[in-house]
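Everything below concerns the one structure shown next.
Please read these numbers as outputs of a predicted model, since none were measured by experiment.
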Amino acid sequence: MKYHLLILLVLLFSGCAKKTKVTPPVEAKASWLKTNTLYNHKSVHGDYLIHPFFDLVPFASKEDNSINFVMTMPVGSNNKYAIDLRSGMLYRKHHNCSQTDVWKKYGGDLSRPPFTEGFVPRLLDQLGAPQKIIVFGKRRYFNEFQLTPTRSQRVRVVGAVLQQYCEDFPCRGRNKWLSKLVLIAVNQNDPSYKKITHINQLRKTLDWNYIKAYIENSDGRQISKSDEVPSYRVIGNIGPKEALVNGLSRGHLFQYEQLSGLRKNCHKLYDFLWKSSELIRSSKLDVKKNSKIYSESVYDKKDTFTGNVISAEINKSSKDNGLSDAENFKDFAIYFKSFHANYKSRYLTCQKFVRDTSINANPRRMWFFSYLSSFLYAEDLGHVYSCSRQAWIENPIQVSGKRMFSAENHLRNCTARELDRAFDMSVTLFAGLSRSSRAHYRYIEYDEGNGASHQKLYSWVFNNGSEYSCDKERVKNLSIFPRDINWESFGATGKRKRTDIIE
């Protein structure tokens, strides 16, 4: 009798297993990172690395509202991950610990995600971030989650919601909230969602109050004030057809030719900047000998720095703005001011998408660009360096929408020695902003720790200051920048050392 019962149970479970249908994934082929070894290192096996955002395509279909997505957080995950577009690697953004609704509208506990989260490859949203997509379905109907994503899976879009961000709550006024579209989809392989084609059907099937509360809390909240206040809210919803059309048209979908041109021009800009800095550092200012560097164009005529969310600047020859003039190579301060005035926007666009150097190929070059980015990111966050005060000061936005201080004016009388200090202090600035739970950048060499992605990024990642109060201690111990790396001075011999406090 026991034997027959055992056979019956085995048959029962095997029958259930056969009903679990998983859509075959689309496997990526290395292309974006398949470049000269100067820019990207290979895997331990000598293979080119996959960049899941650029090496996969969405294959969006308006007929059945289907699209491919890359998973970054499976349903029920202990951790929330994000992708660094520059390296193509995932890193841990939050630990999904227990918290209550910051809006105080949902009375239950918010801990593990009730949905799968990911992004649509090659598609940026209205704010310039990878297009976020939330997918409903049991975990067993999805392809296995990868901490190093190499594939995408097809799902059906049933609608979208608007996720809005407030930098300084309560953000009174419509224009104070920054909005982006979040696609809502279902895994059609899950029988529970097979007939769901519209978000209104989904709202009736699920506990939507819980879903909405989780989305509003899952990206963090402002915890720097005495009372925790919201950073995000979710409003409205639109149907599947409108969601897919708006996602594709109001964001930015990278095309192959544009990607190829973007990478080529960024590599050219990086090479030019590095050659220039080395020329200044070497003090070998033989104009005839180095005339080739002076005459180099930083980009091709077919420029790719255009588009609604990746625009950098209008086309302008490097010969017209004087960056290549021999005079600029005599002193780093003169050269940096010229670069800052003419190429800052272009450089920041490149840093967002294209890696400048592999740590294995040229560490000195990589750390040079890391510090260069640190300076410009500090300005981007609303600070300006005052050489007379020898400190970074806040540069608030006025009613007109412009910053109070001109960065160019503050740089005008700076010497190379004073700029050396500015680069050092930009890292210290981020440390102070992080301790105050304010917007900052953090440099990730290797995403380590229990639950981390354990991937090598060597990139600055942005943090808007929104955190989980239950995850605050872990975040508090994260390193802002490697302590053993210092800016290589232009104004004096040797290397400077950073101070540990903001002066």
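- Formation of a donor-acceptor pair under 3.5 Å by the S459 side chain with backbone atoms of V461 is not found in this model.
- Smallest separation of non-hydrogen atoms from G220 and Y232: O-CD1, 3.6 Å.
- Between the CG atom of L124 and the CZ atom of F119 there is a distance of 11.0 Å, given to the nearest 0.5 Å.
- In plain terms, the two heavy atoms of P58 and V120 that are nearest each other are CB-CG1, 3.5 Å.
- If you look at Y377 and Y443, their ring centroids are not closer than 6.0 Å.
- Closest approach of I393 and S386 over heavy atoms only: CD1-CB, 4.3 Å.
- Residue N36 places its CG atom among more than 12 non-hydrogen atoms of other residues, nucleotides or ligands, all under 6.0 Å distant.
- For the residue pair E467 and I223, the shortest heavy atom distance occurs at CB-CD1, 3.7 Å.
- One distance of note links CD of Q398 with CZ of F405; it measures 8.5 Å at 0.5 Å rounding.
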Report task. Could you give me the CA-CA distance, side-chain angles and deciding distance for L90 and Q455, then say whether side chain to side chain contact (heavy atoms under 4.5 Å, CB included) is met? Result -> CA-CA 7 Å; L90 296 187; Q455 301 304 311; 5.5 Å; no

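- With salt bridges taken as basic N to acidic carboxylate O contacts below 4.0 Å, none links K93 and E117.
- For the pair K352 and L85, the minimum side-chain heavy-atom distance is below 4.5 Å.
- A donor-acceptor pair is defined here as one N or O able to donate and one able to accept, closer than 3.5 Å; such a pair exists between the side chain of Q126 and the backbone of L181.
- Judged by distance alone, with hydrogens and angles left aside, the side-chain atoms of S282 form a donor-acceptor pair with the main-chain N or O of L279 at under 3.5 Å.
- A 4.5 Å side-chain heavy-atom check between I444 and R442 finds at least one atom pair inside the cut-off.
- Not a single donor-acceptor pair under 3.5 Å links the side chain of D84 to the backbone N or O of M89.
- Remark: R263 CZ to W32 CH2 distance equals 6.0 Å, nearest 0.5 Å.
- For T357 and N362, the side-chain atoms include no donor-acceptor pair closer than 3.5 Å.
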Query - Residues F481, Y371; criterion side chain to side chain contact (heavy atoms under 4.5 Å, CB included); working and verdict - result: CA-CA 10 Å; F481 193 75; Y371 267 106; 3.6 Å; yes

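- Applying the 6.0 Å contact sphere to CD of E167 captures no more than 12 heavy atoms from other residues, nucleotides or ligands.
- Between the side chain of H51 and the backbone N or O of S31, no donor-acceptor pair lies under 3.5 Å.
- Ring pair W274/F369 is tilted by interplanar angle, where 30° to 60° counts as tilted.
- Looking at heavy atoms from C-beta onward, F169 lies out of side-chain contact with S231 at the 4.5 angstrom threshold.
- Checked by atom type and distance alone, the side chain of N342 pairs as donor or acceptor with a backbone atom of S338 at under 3.5 Å.
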Requested in this report: In sequence, state the C-alpha distance, the side-chain angles, and the governing distance for I133 and I67, and then conclude on side chain to side chain contact (heavy atoms under 4.5 Å, CB included).
Outcome: CA-CA 10 Å; I133 184 169; I67 201 166; 4.1 Å; yes

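- Ion pairing between a basic and an acidic side chain is recognised when a charged N comes within 4.0 Å of a carboxylate O; D168 and K176 show no such pairing.
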**Report entry** Worked verdict on D356 versus R86 for side chain to side chain contact (heavy atoms under 4.5 Å, CB included)
**Finding:** CA-CA 9 Å; D356 48 68; R86 192 167 166 274; 2.5 Å; yes

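- Under a cutoff of 6.0 Å and an axis angle of 45°, K456 and Y446 do not form a cation-pi pair.
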Query raised in the report: Checking salt bridge (charged side-chain N to carboxylate O under 4.0 Å, His left out) for the pair E228/K472: CA distance, chi angles, key distance, verdict?
Result: CA-CA 13 Å; E228 295 180 3; K472 188 175 181 178; over 6 Å; no

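- Between F254 and H252, the ring centre distance stays below 6.0 Å.
- Side-chain contact, E379 with H410: no donor N or O sits under 3.5 Å from an acceptor N or O.
- In this pair, F462 and Y441 present their aromatic rings tilted. The plane angle is within the 30 to 60° band.
- Using a distance-only test at 3.5 Å, with no hydrogens or angles considered, a donor-acceptor pair links the side chain of N395 to the main chain of M404.
- At a threshold of 4.5 Å between non-hydrogen side-chain atoms, the residues N68 and L56 do not count as touching.
- You'll find the side chain of P482 reaches within 4.5 Å of the side chain of W367, heavy atoms only.
- With Y347 as reference, F339 is the one residue of F336, F272, F339, F353 to meet the ring-ring contact (aromatic ring centres under 6.0 Å, His included) rule.
- The shortest non-hydrogen separation linking Q99 to N217 is NE2-O, 3.6 Å.
- Atom OG in S466 sits 6.0 Å away from atom CD in Q222 (nearest 0.5 Å).
- Salt-bridge check for R92 with D471: failed, with every basic side-chain N at 4.0 Å or more from each acidic carboxylate O.
- With Y270 as reference, Q351 is the one residue of Q351, R355, R365 to meet the side chain to side chain donor-acceptor pair (under 3.5 Å) rule.
- Within the model, atoms CD of Q146 and OG of S453 stand 13.0 Å from one another, a figure rounded to the nearest 0.5 Å.
- Taking 4.5 Å as the limit, every side-chain heavy atom of Y48 sits out of range of all side-chain heavy atoms of T35.
- A cation-pi arrangement is present between R281 and F490, with the terminal nitrogen or guanidinium carbon under 6.0 Å from the aromatic centre and inside a 45° cone about the axis.
- In this structure, Q153 contributes its side chain and N143 its backbone to a donor-acceptor pair below 3.5 Å.
- No side-chain donor-acceptor contact under 3.5 Å links K80 to the backbone of D219.
- F375 CZ to K344 NZ: the interatomic distance, rounded to the nearest 0.5 Å, is 8.0 Å.
- Heavy-atom neighbours of K337 NZ from other residues, nucleotides or ligands within 6.0 Å: above the threshold of 12.
- Minimum heavy-atom separation, L381 to A439: CD1-O, 3.7 Å.
- The environment of CD in E144 is sparse: at most 12 heavy-atom neighbours from other residues, nucleotides or ligands sit within 6.0 Å.
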**Report entry** Worked verdict on Y39 versus D271 for side-chain hydrogen bond (donor to acceptor under 3.5 Å, both in side chains)
**Finding:** CA-CA 10 Å; Y39 305 106; D271 290 347; 2.8 Å; yes

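- At least one side-chain heavy atom of F69 sits under 4.5 Å from a side-chain heavy atom of T116.
- Without hydrogens or angle criteria, Y385 side chain to A407 main chain gives no donor-acceptor distance under 3.5 Å.
- W460 has its side chain within reach of S370: a pair of non-hydrogen atoms, C-beta onward, lies under 4.5 Å apart.
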